[in-house]
Structure formats: C-alpha cells, structure tokens
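The structure is given below, and queries will be raised subsequently.
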Amino acid sequence: PTEAQHNGWRSITTNNSTLIQAPTGSGKTLAAFLWCLDRLMFKDPGDRSRSCKVVYVSPLKALASDIERNLKVPIEGIARAAERLGVPYRIPSIAMRTGDTPQKERARFTKSPSDLLITTPESLYLLLTSAARAGLTAVETLIVDEIHALVATKRGSHLALSIERLEELAARHPRP
C-alpha cells in the first residue's frame, strides 16, 4: 500500500470519518474501496440479499464511469485470491446513477438495490427524494471523491444537505 492508503486504513478501521489528502495517483479512492470491498465480499458471503451498503459520490459523470469500470479489476483479483485460499466470498453488485442512467436501470435499483452505488451529487439528491430512497436505508459507508471540487460551491452545499438526508435515512450513520 501507498503511504496515503496505509494512513487512510488506520483511520477507517477505527470507524472514524476519514479524509485522505494526497497527490493524484496515490490510491486514495482505492483505499476507501478496498476496505468496502473486503466487507462486501467477506462479511457474510452466504448472505445473498441485496441492499445498498456503499455510496460513492463523484463530481463528474466521466469519473463515475471510470470508477465503475476500474472496480472490476480489484473485485476479480480478490475473488481469484479467495478461490485459491478456499475462502467463501460473494461478488458485490454495482449500480451507477447519473443523469445519463436509463429509466430501466433506475427502476431496477428501486426494486433491487445494488450493494454499491456510484452516483453524482445531483443524482443522489434525486434518489433521496424518490421511491428509490428505500434502497439506501442500509448504507454504511459514503465515499465522496474529489471533495475539494465541490466544497466551496453551490453543488457542495447541495451535497451537504443530501448527506444529511442520507444520514437521517440510513439505519446506521454512514461514515463519510
């Protein structure tokens, strides 16, 4: 692990809200996701019920798409390692919700929430004000990427309100 990942995990494992500040390419986002993937894949591998446990918020649709695509590699690698070791696991389901998400996929999340949701601030707001919000009651972890791009803007204020709504909705206080 990089220094940013090592230090981030130290905080994440204590159930604290964690801010990882490090240069681009240091593995900040992967640090958060690896912790989440470990819990999703191994916490109770026999449990096949689906509910959204992790919400990832990206300020850009393009970054959200990259994250969705790039998560497949660590998931496959972790699954192969688990198989070699004979450790039971399950592959987490992933959904993406942005302004470009087709209605059919939006309806699918409402009926059967994914384990992990990748979204934008605006789409998170819409989820929280629709019937799909029921799929967010089990959220345990909130990852906000590139937060510096949002904080000092109207989008940042809007996201802060959505995070408060998510905290009120979730059975557990999601750790940002």
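In this chain, numbering begins with 1 at the start of the sequence shown.
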Check whether the side chains of R10 and T18 place a donor and an acceptor atom closer than 3.5 Å, and report yes or no.
no
Say you draw a straight line from CG of D115 to SG of C36; how long is it, rounded to the nearest 0.5 Å?
11.0 Å
Taking F42's backbone N and O only, do any of them form a donor-acceptor pair with R90's side chain (distance below 3.5 Å, no angle check)?
no
Report the distance from atom CD1 of I67 to atom CE of M96, rounding to the nearest 0.5 Å.
11.0 Å
Applying salt bridge (charged side-chain N to carboxylate O under 4.0 Å, His left out), run through K43 and E140 and close with a yes or a no.
CA-CA 13 Å; K43 186 175 183 182; E140 298 172 351; 3.7 Å; yes
Gap separating the CG atom of L166 from the CG atom of L161, nearest 0.5 angstrom:
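Here the rounded value is 12.5 Å.
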Flag yes if V87 and L40 sit in one hydrophobic cluster, no otherwise; membership is Ile, Leu, Val, Met, Phe, Trp, Tyr, and two members link when side-chain heavy atoms are under 4.5 Å apart.
yes
Could you check if a side-chain atom of P92 sits within less than 4.5 angstrom of a side-chain atom of L116, using non-hydrogen atoms only?
no
To the nearest 0.5 Å, tell me how far E168 CD sits from I163 CD1.
13.5 Å
For a 4.5 angstrom cut-off between non-hydrogen side-chain atoms, does L136 reach P113?
no
Checking side chain to side chain contact (heavy atoms under 4.5 Å, CB included) for the pair L37/L71: CA distance, chi angles, key distance, verdict?
CA-CA 9 Å; L37 291 176; L71 272 177; 4.2 Å; yes
Less than 4.5 Å apart, side chain to side chain, heavy atoms only: is that true for F109 and C52?
yes
Do you know which two heavy atoms are closest between T119 and S123, and how far apart they sit?
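Taking every non-hydrogen atom into account, OG1-CB, 3.1 Å.
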Is the shortest heavy-atom distance from the side chain of R97 to the side chain of L117 under 4.5 Å?
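Result yes, sub-4.5 Å side-chain heavy-atom pair found.
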With a cut-off of 6.0 Å (strictly less than), are more than 12 heavy atoms of other residues, nucleotides or ligands near CD of Q21?
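Counting other residues, nucleotides and ligands, CD of Q21 stays at 12 neighbours or fewer.
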Which distance, rounded to the nearest 0.5 Å, do you find between the CG of L142 and the CG of L124?
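Rounded to the nearest 0.5 Å, the CG-CG separation comes to 7.5 Å.
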Could you tell me if D145 and S58 have a donor-acceptor pair between their side chains, going purely by distance under 3.5 Å?
no
Side chains of W35 and T141, heavy atoms from C-beta outward: is any pair under 4.5 Å?
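They are not in side-chain contact.
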Side-chain donor-acceptor distances from residues 76-83 under 3.5 Å, at least two apart:
from, atom 1, to, atom 2, distance (Å)
E83, OE2, Y89, OH, 2.4

Validation row: I75, I94 side chains within 4.5 angstrom (heavy atoms):
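SC-SC contact between I75 and I94 confirmed.
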Minimum heavy-atom separation for T120 to V57, with atom names?
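Minimum heavy-atom separation between T120 and V57: C-CG1, 4.0 Å.
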For R165, the side-chain contact (heavy atoms from CB on, under 4.5 Å) test, sequence neighbours excluded, returns Y125, L128, T129
Between A31 and I12, what is the shortest heavy-atom contact and its length?
O-CD1, 4.4 Å
Under the 3.5 angstrom rule, does the side chain of T137 hit a backbone N or O of R133 as a donor-acceptor pair?
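No; judged by distance alone, with no hydrogens or angles, the pair does not exist.
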Closest non-hydrogen atoms of K53 and A138, given as atom of the first, atom of the second and distance, are CD-O, 3.6 Å
For a side chain to side chain contact (heavy atoms under 4.5 Å, CB included) check, start with the C-alpha distance between L34 and W9, then their side-chain angles and the critical distance, and finish with the verdict.
CA-CA 9 Å; L34 285 176; W9 289 330; 3.9 Å; yes
hydrophobic_cluster_shared for L85 and I91, side chain cutoff 4.5 Å:
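Yes, because I91 and L85 connect within a single hydrophobic cluster, where side-chain heavy atoms sit under 4.5 Å apart.
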Would you compute the distance between atom CG of L19 and atom OG of S11 and round it to the nearest 0.5 angstrom?
9.5 Å
Are N70 and T29 packed together at the side-chain level, in the sense that at least one heavy-atom pair is separated by less than 4.5 angstrom?
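N70 vs T29: side chains apart.
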What pairs of donor and acceptor atoms, side-chain ones from residues 151-159 against any protein atom, are under 3.5 angstrom apart with sequence neighbours left out?
from, atom 1, to, atom 2, distance (Å)
T153, OG1, L150, O, 2.7
T153, OG1, R155, N, 3.3
T153, OG1, G156, N, 3.2
R155, NE, E122, OE2, 2.6
R155, NH1, P59, O, 3.2
R155, NH2, P59, O, 2.9
R155, NH2, E122, OE1, 3.1
R155, NH2, E122, OE2, 3.3

Would you say the side chain of N7 lies within less than 4.5 Å of the side chain of E3, judging by non-hydrogen atoms?
yes
